[in-house]
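Step one of this worksheet: look at the structure below.
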Amino acid sequence: MSNVKNVLLMGGGGNLGSEIIKSKIFKNIYAPSKNTLNLLNQKKIRKILETKKFNLVINCASLARMEYCEKNIGKAIENNIKGTFNLVKEILNYEQKYKKKIKIIHISSDAVYPSTRGNYKEGSSLGPYNVYGWTKLASEFLIKMVEHHVIIRTRFYKKNLIKYKFSASDIYTSQIEIEHLPRYISYLIKDNYNGIVNVGSKRKSDFKIYKNIKKNLKSFKRKDLIKRLKFNIARDSSLNLSKFNKIKSRYE
Ligand SMILES: NC(=O)c1ccc[n+]([C@@H]2O[C@H](COP(=O)([O-])OP(=O)(O)OC[C@H]3O[C@@H](n4cnc5c(N)ncnc54)[C@H](OP(=O)(O)O)[C@@H]3O)[C@@H](O)[C@H]2O)c1
């Protein structure tokens with residue numbers, strides 16, 4: 001991409017991060033592992049920003065599993081909130097010191113919405129329903145301090161990771177196949193988009209999406225899943241995509 005010279009990709013070893021690398025959309029991309037650059041290590045973030053002179057940061061780093069966040073609240077707060085705090089603080093310090101702007105693309109979640117009635121717009125009332133969602137919402141507030149930011153509220157799946165035997169027929173989302181996201185991120189950059197945007201696809205039940213991939217999938221109900229998980233999950237987190245669809249139509 002022509003206006004993007006140097007990209008820092010956080011979380012490059014994860015599902016979405018590796019998809020972004022595989023897409024080859026971004027040319028000069030530096031994707032350190034968590035061992036090389038942990039968001040909890042503020043000094044290292046500073047050093048890498050100062051030496052590599054990035055003009056774009058794509059942040060896919062997070063504790064991204066709801067069940068894990070529920071069972072490890074402290075770690076969820078540390079990685080998802082304190083980690084974002086460190087990144088934002090160092091970006092702002094860098095911008096002030098070098099009089100240069102860094103754009104940040106931050107991957108947030110549909111879990112910041114109450115996820116009961118669906119068709120959420122970017123301006124709808126927020127109200128996360130579990131620990132993960134609260135940490136993602138808190139991270140959004142921090143990201144907004146960076147002048148050039150894009151916060152993507154989404155949910156995605158990867159075909160070969162659908163291993164469940166059962167799936168809920170009464171949980172609705174706008175989740176999207178992961179392979180589309182790198183391209184969609186590039187549209188938002190080309191469009192010079194600033195702010196929050198929902199990204200996803202047409203509202204469907206989990207069962208309907210996964211049944212297409214796994215023919216022997218059986219359906220069950222959300223209440224059975226909640227009984228097993230012991231924490232709250234979405235009923236309908238589907239997204240109003242009108243903002244994003246307008247942007248997409250300019251490139252496809
Ligand atoms: N999966 C979804 O459906 C979904 C839905 C909505 C939003 N999201 C968001 O999308 C983003 C990517 O999700 P994903 O499914 O690709 O997650 P993932 O596969 O779990 O990848 C997350 C990546 O973040 C890294 N990471 C975690 N804590 C870190 C830290 N403190 N410092 C540096 N790196 C750290 C992980 O490193 P290690 O593997 O070494 O721990 C991993 O590479 C996340 O922000 C997630 O919240 C995901």
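All heavy atoms count here, side chains included; hydrogens, waters and symmetry mates do not. Since the model is a prediction, treat every value here as computed from it, not as a measurement. Order of appearance sets the numbers: ligands from 1, and atoms from 1 within every ligand.
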Shortest protein contact, atom 21 (O) of ligand 1 (heavy atom only): Gly14 CA, 3.2 Å
Among protein heavy atoms, which lies nearest atom 11 (C) of ligand 1, and at what distance? Cys60 O, 3.5 Å
Can you check whether Met10 reaches Cys60 side chain to side chain, under 4.5 Å on heavy atoms? no
Less than 4.5 Å apart, side chain to side chain, heavy atoms only: is that true for Asn59 and Ile107? no
I want to confirm something. Looking only at heavy atoms, which of [options] is nearest to [atom]?
atom	options	result
atom 24 (O) of ligand 1	Cys69, Ala61, Gly17	Ala61
atom 9 (C) of ligand 1	Leu16, Ile107, Asn59, Asn86	Ile107
atom 3 (O) of ligand 1	Tyr132, Tyr68, Phe156	Phe156

Distance only, no hydrogens: is a donor on one side chain within 3.5 Å (strictly under) of an acceptor on the other, for [X] and [Y]?
X	Y	result
Ser33	Asn35	no
Glu252	Tyr187	yes
Arg153	Tyr113	yes

Regarding ligand 1, does [X] bring an N or O atom to under 3.5 Å of one of the ligand's N or O atoms?
X	answer
Asp110	no
Thr154	no
Ala64	no
Lys34	yes

Once you restrict to heavy atoms under 4.0 Å, what part of [X] touches ligand 1? Side chain, backbone, both or neither.
X	answer
Tyr157	neither
Ser108	backbone
Leu37	backbone
Asn15	both
Gln175	neither

Would Lys214 pass as a cation-pi partner of Tyr164, given that its NZ or CZ must be under 6.0 Å from the six-membered ring centre and within 45 degrees of the axis? no
Option from Leu9, Asn6, Ile185, Ile21 for which side chain to side chain contact (heavy atoms under 4.5 Å, CB included) with Phe26 holds: Ile185
Kindly determine whether Gln175 and Asp110 satisfy side-chain hydrogen bond (donor to acceptor under 3.5 Å, both in side chains), including the steps that lead there. CA-CA 9 Å; Gln175 60 179 311; Asp110 61 8; over 6 Å; no
Determine, using heavy atoms of Arg65 and all atoms of ligand 1, whether some pair is separated by less than 4.0 Å. yes
Reported CD1-to-CG distance for the pair Ile104 and Leu56, which is rounded to 0.5 angstrom: 8.5 Å
Before you tell me yes or no, could you show the steps for Asp191 and Tyr251 under side-chain hydrogen bond (donor to acceptor under 3.5 Å, both in side chains), namely the whole-Å CA-CA distance, both residues' side-chain angles and the distance that decides it to 0.1 Å? CA-CA 9 Å; Asp191 222 60; Tyr251 300 95; 2.6 Å; yes
